[in-house]
Structures are given as structure tokens and as C-alpha cells.
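Before any comments, here is the structure.
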Amino acid sequence: MPLDVLEPLRTAIGAAAERTTGARPAVVLNAPAQPEHGDLATPVAMGLAKQAKNPPREIAEAIAADLAADASLGPQLQSVEVAGPGFINIRLAPAWFAAVVRGILGESVEFGAEGAAAPERILMEYVSANPTGPLHVGHARHAAYADSLARLLAFSGHVVDREYYINDHGRQMEMLGISIASRYGALFGVQTEIPEDGYRGDYVGGIAEALCDEVGDRWVDELDPISDDALAFFSGRGGELMIDAIREELIGVHVEFDAFFSEDSLHQNGRVAREVAALQERGDTYEDGGALWFASSKYGDEKDRVLRRADGDLTYLASDVAYHLDKARRGHDRLIDVLGADHHGYIPRLRAILDSGGQSGEKLEVSLIQLVSLVEQGEAKKMSKRAGTLVTMGDLVADIGVDATRFFLVQRSHETPLELDLDLAREQSQENPVYYVQYAHTRALGILRQLESEPPVDAPAPAELDPAEKTLLMNLARWPEAVAEAAEKRGPHRVAAYLIDLARDFHAFYHRCRVAGEPQDVQSFRVNLTRATAWTIRTGLGLLGVSAPERM
RNA sequence: GCGCCCGUAGCUCAGCUGGACAGAGCAGGGGACUUCUAAUCCUCAGGCCGCAGGUUCGAAUCCUGCCGGGCGCGCCA
């Protein structure tokens, strides 16, 4: 069970409302911006005013009186007041705050974990870049977003499988093979042309050298013109090396997968052909203009789509029929595809595939990631694969580090285009919010290092609390809610925002409140508060794949 | 033309299943280090929350229309 420290209060308020008005409302509790509005406030009376046909203030007064008399809360409430149009403002006693800290530190499962209302088995697919070149900053955003979301969902109690779909079939792989073969030939003095849309990056030469180490001059005599066997070797083995490199690079930014699923394997083992045939048997296809069409509009797509071109080649969609049905049949409750925003129009046909195949299209959920653009010296940086001006994920990480890269990329909602100022990212390395959060963590550990012994978790509350202590604790109390919301809304950026908030409150607490050397009860409470904060920051950063250093 | 996303402080963006005077970081002004690390804190300044209507006791948040920007609408992948 997750610990939601506010839940008992919500329940008590709901019960009080029911006793006084007969209706049981959903209770919203907020920490007011104005300290004179108390520690917590609820607008619940305003919502009840209409159906109860009484002025909101009157209802609020009744609920407040009932609440104040609630024996189960007695020692934890300091005061209950009605203010404004009918807000109920609650001031909590030190005993409540002490109970919260105790709850956080003494919980049997991790604080804030397993908060999902209904745990699901979820299959996430993300990055899935062609193995024809290194990952660029767009992939980096996908990776940072999806990996953080996966961690978040798992933390919330879901079972998450992570998969990378390798687009290793078709023309672009041949291009890669030809490009590598050309560079391979050059190592032996054999000059061949790299086609117009071939790949020219340095990495191509690197792969050629690696393959040369593997097979020596085995293929030198089959390069001009290139033989089928040679092409198969250079595309196949080259793609494998490329995927290895991509996997390594992702591990470097703490992004790992449970499986790498090859598109080409679906063709090799006949799955694509079988699934297309099954589609035909179901009567969801037709021929027109020499092509085979998927009648996806039957399932809500805006128009039908080609499965097999007039020239006999299967389209990318045909692979997706096999792949998505395969995924859907593995028994997950939900499939999450993380795709670029330009794939928006692709969603209805994916759902159509599932519906046609007897799976539910509803199972599929797509997170669309908006574009990352780079700005350098005040101008949009033009990125082109052809011109070799692509900024790779590796470049970015080398520039600003893994922690800053991940935090930067996941700090903003995936639904909004991200403009990343390279100069700023470099220069601001020290000012980057990630350091702000990390520093709060090291500060907390610094305090704890001073101690000779740990205080008991159930240390009694001091008679009075500093406002900074209260603010910090109220924010800690929000953690389970923040996690649950971030998971439900598929928005890991909320965790980043929460952590910046928490770090700010902790820094303020640090400046106002000494910990070591205070009277016993004060010190014990503050130590426990510090422990709870350190734990929460470390956990939160972990959900973002960012480290929580002990010293900086 | 149709679909999706975005439009909030000088800049980059949070907040959007409606709640009390709109937030953060950066940039700008002024302060705070014999004290658990100043990678910090405090403070000041800075906003027709794109525009116009509507719903509501209450709208940055919901609805409609418009304006501006991005992306997509292939027998490409």
C-alpha cells in the first residue's frame, strides 16, 4: 500500500461533510500560497453549496465545527477556520507533522511507491531508431522521456517491459551496407562510389575497419559490382555492429531495454507474410491498382493504406502488422509506443491493425514527443544528416554530461517543442537546475554525516515548528501524489518540477534551521526531516536516471 | 483544406480532471559566508496567462470562434 499522508485528513473531511450535508464529496486539499490561510485548505464547501441550497460559508462553518470535534484527529489539529467565500483552512499541530515524518521513514514499502490505482502489465517501445547511424538529440529526448516514464510506471507498481524495435529491413539497410562496403574497399585501395543517399559519417569508416578486422580481405573481389553475398554481409553485420554501438550509447545514459526486436527477423521467419495473409482471409484487404490495400478505414482510419506495392514489395506497414500483433498477443494490458510527433497520423492505422487482428486497439497508447531544436549563438542550428551537421546524443552528453542531459531533456513536457540552447547548456552547467537539486541532496547528507547516532524514527515532536520546517514537510507529503500524477499523465517532467520545488524548500530550511546541536527533540525531528528529504530526492532523481551524489 | 501540438515574466518553460492576490530557472537591482559545503539563501523589479465570446459563486485551466507558430496528411521508412 502506498503511503498518502493526506488521505486520513481527506477521509475525515469527507466524513464531516457527509455528516453535515448528507453528501460525500471528493475532497481537494491544497497547501495555500498565503501562510495566513493555514497549512492546508479545502474548497469542498463551495462545491456542496448548490445542491445543499445553503450559502457556502454556512456549510463550511458546519463542516469545520464537525471536524474540530472529530476525536480521531483531536491532537493533530491546531485550528479549523472558515475564510473567504467558504474555504476551510486547517492548521496542523506539531504532532501531525511528526506523525508524517514517522510515516515516511517507517513505511514498509518505499515512500510514494506502488501508488497505481490498478497495476497493469505494460509494454513500452521507444527509440527504435534505424541502425544506420548514431543517435541524435531527438532520439536522446525520446530515450530520456521513455526511460524515465518506464521507471516511474514501475515505481508506481506496474510491471513494465522495455523494447527497442530495430528497423533493420529494407532499403536503408542496403544503403548502409553499400556505404560500409565502399569504405571497406578503400582500405584495400578499391574505389567505389557511395550513392547519393548513402551514409558518409565517420562511423561508417569505423564499422568498415571493424569488419576488416573480422574478415580480412574476404570480400575485396566482390565489391565492384557488389555481390549479393557481400551486400548481405555488410548490411547484416554492419547493422549488428551499429545496434551494438547504439545499445552501448544508451547504457551510457542509463537507458536499458529488456529486448531488441528485429524487424528483419519478422520477414525472415515468414511472420509478415503470414499476418498479411491472415488479414486477407479476414476480408480486411483488397487489391487496387496492382497494390494490396489494408481497409483500415473500416476501423476508424481516415483512409486505407497500402500493404504491398504494385512492384511486389511489402511496405513498412506490413511489418507493423506483424510486429504490433506480436506485441499485443504477449498478454500485456497496455502497449505504449513512444513516437515522434510527426507520426501523429500513424496512430489510427496502428489501432486498426490491432482491431482487425482481434486485439483491442484501445490497448495501444501513443506518447508523441515534440521536436527538439538546437539554438547556438542565438540562431537555430540547422541539422542535416547529409551535411554532417547532425548533433548526436554523444555530442550532447560530451558537452554537458549525462545528468544534465537527462534532466534537461525531461524537464519540459514531451508535448511541447523543446528549444535547447547549446551555449546556455554549456555555460550554465553550474547553474543548471540539476545541480541545484543534487546539491540539496549532498547538503542533506552533509548534515547527517555530523551525527554520532541516528535518532529514533518515532522521536516526539518539538512544541513548535519553524515555518520552513512546515513548508518542507508539506512538500514531502505531496510526493506520493506527485508520483501518481506523473505516472498517470505520462509526464515525468512533473517529477523534475517537484524535485526543484523540494530542493528549494530544503535549501530554505537549511538556512533557517540548524540541525546539529539543537535541543534533543528539535534535533531529532530535523534529522528525521532531513533523512526523509534526502531519501525523496535520491529516489526522485533515480526515476529520472540522474545520479544523486554524496558530495559535490 | 483537414488532423494533432503549442501560444503564460526580457529568455527557456512549469501550472491546465476550475478554487483565495499567476510560479520556477536564467537574465537585471539590492543584501547575507568566524555557524551542518555560498553549486546556497533573502529581497526588489518584471505578466491584458495570444484575442474575443460563453459556462460557473469562481476560468491560465472547461466550451466556441478567430489570430500566430510547429508537425503531419506517400504504392517513403
Side-chain angles (χ1 to χ4, degrees), chain A residues 26 28 30 32-34 36-37 41-44 46-47 49-50 55-56 83-87 89 130 132 167 169-172 263 288-293 302-303 305-317 319-320 340-348 368-371 373 375 378 408 411-421 424 427-440 442-451 468 485 488-489 491 493-494 496-498 500-501 503-504 506-518 526-527 530 551-552:
Chain A
V28 175
N30 298 314
Q34 267 53 45
E36 60 271 25
H37 292 149
T42 176
V44 71
M46 268 104 83
K50 198 163 217 174
F87 289 97
N89 294 337
N130 298 336
T132 55
N167 294 136
H169 181 81
R171 225 178 80 81
Q172 80 275 7
E263 178 192 2
D288 185 39
L292 181 69
W293 295 73
E302 62 183 47
K303 54 176 144 176
R305 313 288 172 176
V306 172
L307 284 166
R308 193 178 56 226
R309 293 188 259 144
D311 65 10
D313 282 352
L314 290 163
T315 62
Y316 183 80
L317 182 65
S319 304
D320 256 329
D342 54 348
H343 284 65
H344 152 69
Y346 208 74
I347 300 170
L368 293 175
I369 314 295
Q370 294 290 325
L371 223 59
S373 56
V375 175
F408 232 100
Q411 202 190 346
R412 262 73 241 224
S413 164
H414 64 283
E415 289 178 318
T416 120
L418 179 66
E419 196 166 282
L420 205 145
D421 187 325
L424 208 65
E427 281 173 30
Q428 284 191 347
S429 284
Q430 297 301 306
E431 299 298 326
N432 192 298
V434 71
Y435 296 99
Y436 183 80
V437 175
Q438 289 179 322
Y439 187 51
T442 66
R443 263 192 159 167
L445 294 195
I447 291 173
L448 298 177
R449 269 197 294 271
Q450 307 295 316
L451 304 167
E485 273 191 15
E488 274 163 33
K489 295 186 175 174
H493 70 282
R494 287 164 176 274
Y498 173 85
I500 291 171
D501 244 33
R504 192 194 54 235
F506 182 75
H507 285 308
F509 161 78
Y510 177 91
H511 276 267
R512 281 184 62 98
C513 305
R514 277 199 70 77
V515 176
E518 293 293 300
R526 289 179 179 174
V527 167
T530 301
R551 297 168 198 271
M552 290 173 75

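The structure presented is a predicted model; accordingly, all values stated were derived computationally and were not measured. Residue numbers start from 1 in every chain, and the chains themselves are labelled A, B, ... in the order their sequence lines are given, proteins ahead of strands.
- Remark on RNA chain B: of its neighbouring residues A:Y436 and A:N89, the 5'-side contact belongs to A:N89, judged by nearest-heavy-atom nucleotide.
- The gap from the P atom of B:G30 to that of B:C67 amounts to 46 Å, rounded to the nearest Å.
- Between the P atom of B:A39 and the CZ atom of A:F506 lies a distance of 15 Å, rounded to the nearest Å.
- Comparing the same atom, P, in B:A45 and in B:G23 gives a spacing of 14 Å after rounding to whole Å.
- The shortest heavy-atom contact between A:H344 and A:P348 is O-CD, 4.0 Å.
- Comparing the P positions of B:C63 and B:G19 gives an interatomic distance of 15 Å, to the nearest angstrom.
- One P atom belongs to B:C51, the other to B:C11, and the distance between them is 15 Å to the nearest Å.
- Using a 90° window around 0 for the glycosidic torsion, B:C73 falls outside it and is classed as anti.
- The 5' end of RNA chain B is approached more closely, in terms of each residue's nearest nucleotide, by A:P85 than by the other of A:I500 and A:P85.
- Remark: side-chain polar atoms of A:R443 are not paired, donor with acceptor, to backbone N or O of A:Y510 under 3.5 angstrom.
- A:V527 has its side chain within reach of A:L451: a pair of non-hydrogen atoms, C-beta onward, lies under 4.5 Å apart.
- For RNA chain B, if you chain together Watson-Crick or G-U pairs that step i with j, i+1 with j-1 and so on, the runs of at least three with distances under 3.5 Å are B:1-7 with B:67-73, B:10-13 with B:23-26, B:28-32 with B:40-44, B:50-54 with B:62-66.
- In this entry the distance linking OH of A:Y498 with P of B:C13 reads 25 Å, nearest Å.
- In summary, the aromatic rings of A:Y436 and A:Y439 are positioned with their centroids too far apart to meet the 6.0 Å limit.
- Spacing of P atoms, B:G50 relative to B:A9, comes out at 8 Å, to the nearest Å.
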* For each nucleotide in nucleotides 29-37 of chain B, reading 5' to 3', give B when a protein heavy atom comes within less than 4.0 Å of its base, S when such contact involves only the sugar-phosphate, and - otherwise. => ------BBB
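- The side chain of A:A41 lies closest to B:A20 when the candidates are B:C41, B:A20, B:C13.
- For A:N30 (side chain) and A:P32 (main-chain N/O), no donor-acceptor pair under 3.5 Å exists by modelled atom type.
- Straight-line distance between the P atoms of B:U17 and B:U61: roughly 11 Å, to the nearest whole Å.
- In this structure, the CD1 atom of A:I347 is 20 Å from the P atom of B:C2, given to the nearest Å.
- With values rounded to the nearest 0.5 angstrom, A:L307 atom CG is found 10.0 Å from A:W293 atom CH2.
- B:C48 and B:A22: their C1' atoms are spaced 13 Å apart (whole Å).
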* What string of B, S and - do you get for nucleotides 67-77 of chain B 5' to 3' if you count protein non-hydrogen atoms under 4.0 Å? -> ----SSSSBSB
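- Summarising the geometry of A:A440 relative to A:A503, their closest heavy-atom pair is CB-CB, 3.8 Å, with the distance given to 0.1 Å.
- A donor-acceptor distance shorter than 3.5 angstrom exists from the side chain of A:Q172 to the backbone of A:N167, with no hydrogens or angles considered.
- In this entry the distance linking CD1 of A:I369 with P of B:C6 reads 13 Å, nearest Å.
- Spacing between atom NZ of A:K489 and atom C1' of B:U61 amounts to 10 Å, rounded to whole angstrom units.
- Contact check for A:T315 versus A:R309: side-chain heavy atoms found under the 4.5 Å cut-off.
- At whole-Å resolution of the value, CD in A:E488 and P in B:U17 are 12 Å apart.
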* Using the side chain to side chain donor-acceptor pair (under 3.5 Å) rule, take A:Q370 and A:T416 through it: C-alpha gap first, then chi angles, then the decisive distance, then the call. => CA-CA 6 Å; A:Q370 294 290 325; A:T416 120; over 6 Å; no
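- Between A:P43 and A:V28 the shortest heavy-atom distance is CD-O, 3.5 Å.
- Rounded to an integer number of Å, the gap from A:N432 CG to B:A39 C1' is 11 Å.
- For A:H37, the side-chain atoms get nearest to B:A20 when compared with the rest of B:G19, B:A20, B:G15.
- Within the structure, every side-chain polar atom (N or O) of A:R412 is placed at least 4.0 Å from both OP1 and OP2 of B:A24.
- Across the P atoms, B:A27 and B:U64 are found 41 Å apart, a figure rounded to whole Å.
- Residue-level contact check: A:T530 touches neither bases nor backbone, having no heavy atom under 4.0 Å from any strand.
- A donor-acceptor pair under 3.5 Å links the side-chain atoms of A:D311 to the main chain of A:D313, judged by distance alone.
- Side chain of A:T530 to main chain of A:A444: no donor-acceptor pair is present (N/O by atom type, distance under 3.5 Å, no hydrogens or angles).
- Of the candidate nucleotides B:G19, B:C6, B:U40, B:U40 has the atom lying nearest to any side-chain atom of A:H507.
- Annotation: A:R449, atom CZ; neighbour count of heavy atoms from other residues, nucleotides and ligands within 6.0 Å is above 12.
- Look at CZ on A:F87: it is 11 Å from C1' on B:G18, rounded to the nearest Å.
- For the OP1/OP2 pair of B:A38 and a distance below 4.0 Å, the side-chain nitrogens and oxygens of A:Y435 include no atom meeting the criterion.
- Residue contacts for A:G86: at a heavy-atom cut-off of 4.0 Å it reaches no nucleic acid atom on any strand shown.
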